[in-house]
J.: 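Here you go, one structure.
As a basis for the values below, the full set of heavy atoms in this structure was taken, side chains included, without hydrogen atoms, waters or symmetry mates.
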Amino acid sequence: MADRVPRQERSKGERRYHAPIAEAMRAYAEDGAMAFHTPGHKQGLGAHPLLRELVTAEGLREEVSLMEELDDLHEPTMCIREAQELAAGLYGADQAYFMINGTTGAIHAMLMGSLCPGDTVLVPRNAHRSVIGGLILAGARPVFVQPEIDERLGIAMGVTAAAVERAITAHPEARALVLVYPTYYGVTFDLRELAELVHAHGMLLLVDEAHGPHLRFSEELPPQALSCGADIVAQSTHKLLGAMTQASMLLAKGPRVHQERLREAASLLQSTSPNQLLLASLDIARLQMAESGARLVGRAVRLARQLRKAINAIDGLWAFGPDDMQRPGATGLDETKVTVTVTGLGLTGVEAEAILRHTYKIQCELSDARNVLFIISYADTERETAYLLKALQDLAAMHARKERAPQLDIPALPPLPARGCPPRLAFFARKEQVPFAAAAGRVAAEQVMFYPPGIPILCPGDCIDAESLHYIKRMQQLGLKVVGPQDSSLQDLQVLVTDGENETDDEKGY
C-alpha cells in the first residue's frame with residue numbers, strides 16, 4: 001500500500017501515484033472498530049469459507065461502505081472526490097464520475113444527464129443495447145443513422161460525416177449525436193470531424209467508448225474520444241484496464257456539459273450502498289495507468305501487431321489491420337483488438353470459438369458468423385500470444401481444404417427498419433405475443449440481438465420487416481446466442497397491440 005502522507009502535505013505530482021480510496025479502506029480496517037453495521041458478514045467474521053477463498057480475508061475485512069472515513073459516492077468530499085479528480089486529470093477531463101453498475105449505467109447516466117423527454121437524438125444503428133435503455137429512461141426520440149457496413153467482414157464500421165449531416169438537415173431539432181468509438185471490433189473513424197460538425201449545429205457529442213479506456217496511453221493507437229472533442233464519454237475501465245467487472249467511468253469536458261445535472265443522473269442510477277471494492281478497483285486501475293500505462297499498453301500493441309502479422313501468414317485465416325480501415329466509416333484501428341476471419345476454413349466464427357474453447361482451452365472475446373475476436377490487453381505477454389498463435393495454426397491445419405472452402409450462407413446485415421414509435425412508448429405500451437414468422441408488419445415491443453456484441457437487430461418501436469426476421473433466424477441457426485426477447489427460442493415475438501388502445505406520443509406528453 002502506498003504511504004499515508006496526508007493529502008494536504010502531498011505535492012500534485014505525488015498525489016498522482018497513490019490510491020486514496022484503497023488507502024482509506026485499509027485505514028478503516030486497521031483502526032479496529034467493532035462492526036455493528038452492514039454488510040452482514042461483518043468484515044468477514046461470518047463469511048462462508050467459499051466466500052473467504054473467493055474474496056480473501058483482507059478483501060472482506062475492507063469490504064465496508066458508508067463509513068465517514070470512506071466518503072459518499074453520491075456527495076463525495078474526501079477520498080472518492082480525490083480519486084475522481086485524479087482520474088479526470090489522467091484523462092484530461094473536467095470531471096470524472098465513478099460508476100459501479102457498469103458502462104451500461106454510465107451510458108444511462110450520460111443520456112439522462114444531457115437529454116430531456118421529447119428530445120431528438122441521432123444514434124448509429126450499431127449502438128449497444130444500453131443506449132436503447134438510456135433512451136427509454138430519458139424519453140428521447142432516436143433518429144437512427146446507418147453506419148457503413150463491411151460486407152466481407154459482415155460488421156458495422158462507423159458513421160460518415162455525410163450521413164450525419166443528412167440526418168441533421170432532416171432533423172435540425174436534434175439535441176445530440178451518440179457514437180460508438182471505437183466499435184467492438186476496434187474500428188475508429190474521424191471523430192474530430194464529427195465533433196466539429198455537431199458542435200457547429202449546437203449539439204452535444206456523446207460517446208460510448210466502452211472499448212477505449214486504454215487509447216489514452218499509446219500514441220500508436222487512435223486518439224481517445226475526449227481528445228477529439230467529445231463532451232461526455234462512457235468508458236469500461238474493467239474491460240481493457242485493471243478494474244473489477246462492473247467498474248466504469250463517466251468522463252465529461254467542456255462548457256456544453258451541465259455537470260450538476262450529470263452528477264444528479266449518475267447518483268439517481270447508482271446504488272446508495274456502493275461496493276467499496278469496485279470503487280477501489282477503479283482507483284487502483286487509474287493508479288496503474290498513471291504509473292505504467294505507456295509501457296503496458298505499448299507492450300499490448302507490439303504483441304498484437306506481431307500476432308496479426310503471423311496470423312495473416314496462415315492459409316485460410318485473415319486478421320484485418322489498420323491498412324484495411326482506410327475507407328468510408330473507418331480511418332483507424334485499435335490494434336489490440338485482433339479479429340480473425342475464419343470463413344476461409346469453411347467454418348463459422350461460432351464453430352471456431354467452440355473448437356478453440358474445448359480443444360485448446362482458449363476463450364475468445366466474441367464470435368460472429370464470420371469472425372472470432374481476441375483482446376490483447378496490458379496483461380498479456382509473449383507466452384499468451386504464442387499459445388494463441390499455435391492454436392490458430394493447428395486449427396487451420398485441421399480444417400485446411402484441398403479445394404476452395406465452401407461458401408457459407410451468411411446473409412448481409414438488414415437495412416434500417418422504419419420507426420413505428422419511440423422506444424419509451426413501446427416499452428410501456430400494451431403487448432402481445434405473435435408467432436415469429438407472422439411478426440412482419442407489426443411494431444416490435446422488445447429488443448432482439450446477439451450477445452456479444454449486444455447490438456440490437458430489432459429495438460422497441462421498430463417496424464418489423466421480413467429482412468430483419470430472416471437475418472435473425474439465420475444467425476440463430478448458425479449458433480449465435482439470442483438475447484433480449486421473452487422467448488429466446490424465437491418461436492414468438494412480442495409486438496405492440498394494434499387495437500388502438502396504445503396512446504400516441506402526444507398523448508404521452510412527449
J.: Should R299 and D380 count as an ion pair when the cut-off is N to O under 4.0 Å?
T.: no
J.: Please assess V164 against I168 for the test side chain to side chain contact (heavy atoms under 4.5 Å, CB included), listing each intermediate value before the final yes or no.
T.: CA-CA 6 Å; V164 172; I168 293 173; 3.8 Å; yes
J.: Would you indicate whether the side-chain heavy atoms of L389 and I311 approach each other to under 4.5 Å?
T.: yes
J.: Is a side-chain N or O of D487 found less than 3.5 angstrom from the main chain of D492, in a donor-acceptor match?
T.: yes
J.: From M112 CE over to L135 CG, what is the distance, rounded to the nearest 0.5 angstrom?
T.: 11.5 Å
J.: Indicate whether any N or O donor in one side chain lies under 3.5 Å from an N or O acceptor in the other, for E23 and H18.
T.: yes
J.: Do K337 and D334 meet the salt-bridge criterion of a basic N to acidic O distance under 4.0 Å?
T.: no
J.: State, to 0.1 Å, how close A19 and D283 come at their nearest heavy-atom pair, and which atoms those are.
T.: C-OD2, 2.9 Å
J.: With a 3.5 Å cut-off and no angle check, do the side chains of E365 and Y184 form a donor-acceptor pair?
T.: yes
J.: Of all heavy-atom pairs between A195 and C228, which one has the smallest distance, and what is that distance?
T.: CB-O, 3.4 Å
J.: Check whether the side chains of Y185 and D368 place a donor and an acceptor atom closer than 3.5 Å, and report yes or no.
T.: yes
J.: Kindly indicate whether the side chain of E193, heavy atoms from C-beta on, has any atom under 4.5 Å from the side chain of L191.
T.: no
J.: Does NZ or CZ of K473 come closer than 6.0 Å to the centre of the six-membered ring of F436, within 45° of the ring's axis?
T.: yes
J.: Kindly compute the distance separating SG (C463) from CZ (R442), expressed to the nearest 0.5 Å.
T.: 11.5 Å
J.: Looking at residues at least two apart in the chain, or sitting in another chain, which of them share a salt bridge (charged side-chain N to carboxylate O under 4.0 Å, His left out) with E291?
T.: none
J.: Is F374 close to T339 at the side-chain level, that is, under 4.5 Å between some pair of heavy atoms?
T.: no
J.: Are K239 and H211 close enough that a side-chain donor and a side-chain acceptor fall under 3.5 Å?
T.: no
J.: Evaluate whether atom CD of Q477 has more than 12 neighbouring non-hydrogen atoms of other residues, nucleotides or ligands under 6.0 angstrom away.
T.: yes
J.: Of the non-hydrogen atoms in L215 and P223, which two are nearest, and what is the gap between them?
T.: CD1-O, 3.9 Å
J.: We want to know whether N101 and H108 form a side-chain donor-acceptor pair, criterion being a heavy-atom distance below 3.5 angstrom.
T.: no
J.: Minimum heavy-atom separation for E467 to P415, with atom names?
T.: CB-CD, 4.2 Å
J.: Side chain to side chain contact (heavy atoms under 4.5 Å, CB included) for L179 and F189? Distances and angles first, verdict last.
T.: CA-CA 10 Å; L179 290 175; F189 43 91; 3.9 Å; yes
J.: Given side chains that start at C-beta, do those of E58 and R26 come closer than 4.5 Å, heavy atoms only?
T.: yes
J.: Check whether S292 reaches the backbone of R295 with its side chain - one donor and one acceptor, N or O, closer than 3.5 Å.
T.: no
J.: Can you tell me if S281 uses its side chain to pair, donor with acceptor, with the backbone of M244 under 3.5 Å?
T.: yes
J.: Using 4.0 Å as the upper bound for N to carboxylate O, is an ion pair formed by E446 and K431?
T.: no
J.: Run N371 and T341 through side chain to side chain donor-acceptor pair (under 3.5 Å) and show every step you take.
T.: CA-CA 4 Å; N371 312 291; T341 304; 2.7 Å; yes
J.: Are the side chain of Q84 and the backbone N or O of F98 linked by a donor-acceptor pair below 3.5 Å?
T.: yes
J.: Just to verify, which of V207, L269, D208 counts as forming a side chain to side chain contact (heavy atoms under 4.5 Å, CB included) with I107?
T.: D208
J.: What's the separation between atom CG in L303 and atom OG1 in T385, rounded to the nearest 0.5 Å?
T.: 4.5 Å
J.: Could you tell me whether the side chain of I232 reaches within less than 4.5 Å of the side chain of K253, counting heavy atoms only?
T.: no
J.: Decide, yes or no, whether a salt bridge links R419 with D462 under the criterion of side-chain N to carboxylate O below 4.0 Å.
T.: yes
J.: Between R327 and V187, is any pair of side-chain heavy atoms under 4.5 Å apart?
T.: no
J.: Contact between M289 and V297 at the side-chain level, heavy atoms closer than 4.5 Å - yes or no?
T.: yes
J.: Hey, what do you get for CD1 (I21) to CD (Q276), rounding to the nearest 0.5 Å?
T.: 6.5 Å
J.: Does the Q326 side chain pair with the main chain of D323, one donor and one acceptor, at a distance under 3.5 Å?
T.: no
J.: Indicate yes or no for a side-chain donor-acceptor contact from S248 to the backbone of S236 under 3.5 Å, with no hydrogens or angles considered.
T.: no
J.: Verify side chain to side chain contact (heavy atoms under 4.5 Å, CB included) between V233 and Y181, making sure each step is shown before the conclusion.
T.: CA-CA 10 Å; V233 171; Y181 175 100; over 6 Å; no
J.: Would a distance-only check, ignoring hydrogens and angles, find a side-chain to backbone donor-acceptor pair under 3.5 Å from Y91 to P213?
T.: yes
J.: Side chains of P411 and M475, heavy atoms from C-beta outward: is any pair under 4.5 Å?
T.: yes
J.: Rounded to the nearest 0.5 Å, what separates atom CG in L250 from atom CD in Q270?
T.: 9.0 Å
J.: For A330 and M157, work out which heavy atoms get closest and say how close.
T.: CB-SD, 4.0 Å
J.: Under a plain distance cut-off of 3.5 Å, with no hydrogens placed, do E63 and H41 share a side-chain donor-acceptor pair?
T.: yes
J.: In Å and rounded to the nearest 0.5 Å, what is the OG to CG distance from S114 to L206?
T.: 4.5 Å
J.: Counting only heavy atoms not in F427, do more than 12 sit closer than 6.0 Å to its CZ atom?
T.: no
J.: Would you check, one step at a time, whether the test side chain to side chain contact (heavy atoms under 4.5 Å, CB included) holds for C459 with R125?
T.: CA-CA 10 Å; C459 296; R125 190 60 188 200; 3.7 Å; yes
J.: Okay, side chain of E209, backbone of A234: is any donor-acceptor separation there less than 3.5 Å?
T.: no
J.: Is the backbone N or O of I410 less than 3.5 Å from a side-chain atom of Y471, with the two atoms forming a donor-acceptor pair by type?
T.: no
J.: Do you know the tightest heavy-atom contact between S367 and E353?
T.: OG-OE1, 2.5 Å
J.: Between R370 and W318, is NZ or CZ placed under 6.0 angstrom from the six-membered ring centre and within 45° of the ring axis?
T.: no
J.: With R302, which of E335, E382, E220 fulfils side-chain hydrogen bond (donor to acceptor under 3.5 Å, both in side chains)?
T.: E382
J.: Could you check whether any side-chain N or O of N312 sits under 3.5 Å from a backbone N or O of K309, counting only pairs where one atom can act as donor and the other as acceptor?
T.: no
